[in-house]
Amino acid sequence: VISSIIFKSDNIFYKNLNKPFFAPSSIIFVIVWTILYILISISIYKIYKDYNYKDIPSYNKTLLINYFTNQIFTFLFFKIKSPFLALIDTVIVLISSLFLYYESKELKKESAKFLIPYIFWNLFATILIVSIFFLNI
């Protein structure tokens, strides 16, 4: 969300790319990310409700890596127009979301359940960006 405000999307760049048949429309991205950010926020809240920030450094680090790499996607893909760097970033987001799920589950099982849709979306996003990358080389 923050990255889309800071780094305006270049719709012409995206429009001119070859995309797979399963690429969703931009409104789907808006709806899905709104829901995902709500679910992620609930998960984080449930963790921090029971744990002091200083007591869970590994979780904090994973959360920050995931958040940063998630936010930088817009810059990599739309601002510098690099599907390759966006692909690398998306893989990191997927991997860090899996670690985030695992660490959340270790701290509070109920919290981790809110991250399952996020993991599935990241898997879909990885398949999508891989497809876009190979359709445009």
Side-chain angles (χ1 to χ4, degrees):
V1 174
I2 292 171
S3 62
S4 20
I5 295 168
I6 296 171
F7 308 113
K8 276 289 234 182
S9 294
D10 186 342
N11 291 332
I12 295 170
F13 166 72
Y14 185 71
K15 227 178 192 179
N16 290 331
L17 287 172
N18 296 316
K19 292 175 280 309
F21 69 92
F22 57 87
S25 67
S26 33
I27 190 65
I28 297 299
F29 284 104
V30 171
I31 293 167
V32 168
W33 275 111
T34 300
I35 293 167
L36 290 176
Y37 279 128
I38 290 168
L39 293 173
I40 293 165
S41 297
I42 292 169
S43 175
I44 294 168
Y45 171 77
K46 289 184 173 292
I47 297 289
Y48 286 129
K49 189 174 77 164
D50 292 349
Y51 291 90
N52 184 312
Y53 178 82
K54 294 175 184 175
D55 296 334
I56 49 175
S58 178
Y59 173 82
N60 295 332
K61 188 164 111 179
T62 303
L63 182 61
L64 286 173
I65 289 167
N66 181 263
Y67 181 76
F68 176 76
T69 54
N70 190 328
Q71 293 302 307
I72 202 167
F73 175 87
T74 303
F75 173 74
L76 297 173
F77 190 76
F78 291 102
K79 191 70 173 175
I80 65 171
K81 300 175 176 130
S82 176
F84 176 72
L85 291 177
L87 184 150
I88 300 301
D89 178 69
T90 303
V91 170
I92 295 169
V93 171
L94 175 61
I95 292 168
S96 65
S97 69
L98 292 169
F99 276 98
L100 189 61
Y101 173 81
Y102 172 77
E103 291 188 27
S104 296
K105 190 174 179 183
E106 291 292 308
L107 294 169
K108 184 168 183 139
K109 203 172 196 174
E110 175 192 356
S111 172
K113 292 176 184 175
F114 288 93
L115 298 175
I116 293 171
Y118 180 51
I119 290 168
F120 278 109
W121 181 258
N122 286 331
L123 183 59
F124 171 75
T126 302
I127 293 167
L128 178 62
I129 196 69
V130 166
S131 300
I132 289 172
F133 175 74
F134 281 111
L135 287 170
N136 290 280
I137 54 173

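Computation of the quantities below employed the complete heavy-atom set of this structure, encompassing side-chain atoms and omitting hydrogens, waters and symmetry-equivalent molecules. Counting from 1, the numbers follow the sequence of the chain as shown.
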Residues that [X] engages under side chain to side chain donor-acceptor pair (under 3.5 Å), provided they are two or more places apart:
X: S104; result: none
X: T90; result: none
X: D89; result: none
X: S96; result: N66

What pairs meet the salt bridge (Lys or Arg N to Asp or Glu O under 4.0 Å) rule with one or both residues in [range], with sequence neighbours excluded?
range: residues 53-76; value: none
range: residues 94-107; value: none
range: residues 27-47; value: K46-E110

Enter the distance from [X]:[atom1] to [Y]:[atom2] here, rounded to the nearest 0.5 Å.
X: I65; Y: N60; atom1: CD1; atom2: CG; result: 11.0 Å
X: F73; Y: F68; atom1: CZ; atom2: CZ; result: 14.5 Å
X: T126; Y: N122; atom1: OG1; atom2: CG; result: 6.0 Å
X: L39; Y: F114; atom1: CG; atom2: CZ; result: 7.0 Å
X: Y67; Y: I72; atom1: OH; atom2: CD1; result: 12.0 Å
X: L94; Y: T69; atom1: CG; atom2: OG1; result: 10.0 Å

Less than 3.5 Å apart, which donor and acceptor atoms pair up between the side chains of residues 130-137 and the rest of the protein, not counting sequence neighbours?
unit_1	atom_1	unit_2	atom_2	d
S131	OG	I127	O	2.8
N136	OD1	N18	N	2.8
N136	ND2	N18	O	2.7
N136	ND2	I132	O	2.6

> So, for K19 and K15, which heavy atoms are closest and what is the spacing to 0.1 Å?
Replying inline: NZ-O, 3.4 Å
>> On a heavy-atom basis, which atom in S43 and which in L115 lie closest, and how many Å separate them?
In response: OG-CG, 3.6 Å
If we only count heavy atoms from C-beta on, is the [X] to [Y] side-chain gap below 4.5 Å?
X: F77; Y: S82; answer: no
X: P20; Y: L128; answer: yes
X: L123; Y: I119; answer: no

> Near K113 NZ, under 6.0 Å, is it more than 12 heavy atoms from other residues, nucleotides or ligands?
Replying inline: no
Can you list the residues that meet the side-chain contact (heavy atoms from CB on, under 4.5 Å) rule with [X], with sequence neighbours excluded?
X: I116; answer: Y101, F120
X: F99; answer: T62, I95
X: Y51; answer: I47, I56, L107
X: I44; answer: I40, Y48, Y59, L63

> What about W121 and F124, are their ring centers closer than 6.0 Å?
Replying inline: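 They qualify: ring centres under 6.0 Å apart.
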>> Is the terminal nitrogen or CZ of K79 (NZ for Lys, CZ for Arg) located under 6.0 angstrom from the six-membered ring centre of F13 and within 45° of that ring's axis?
In response: no
> Transitively linked via ILVMFWY side-chain contacts under 4.5 Å: F78 with I80?
Replying inline: yes
>> If hydrophobic clusters are built from ILVMFWY residues whose side chains come within less than 4.5 Å, do L17 and F29 share one?
In response: yes
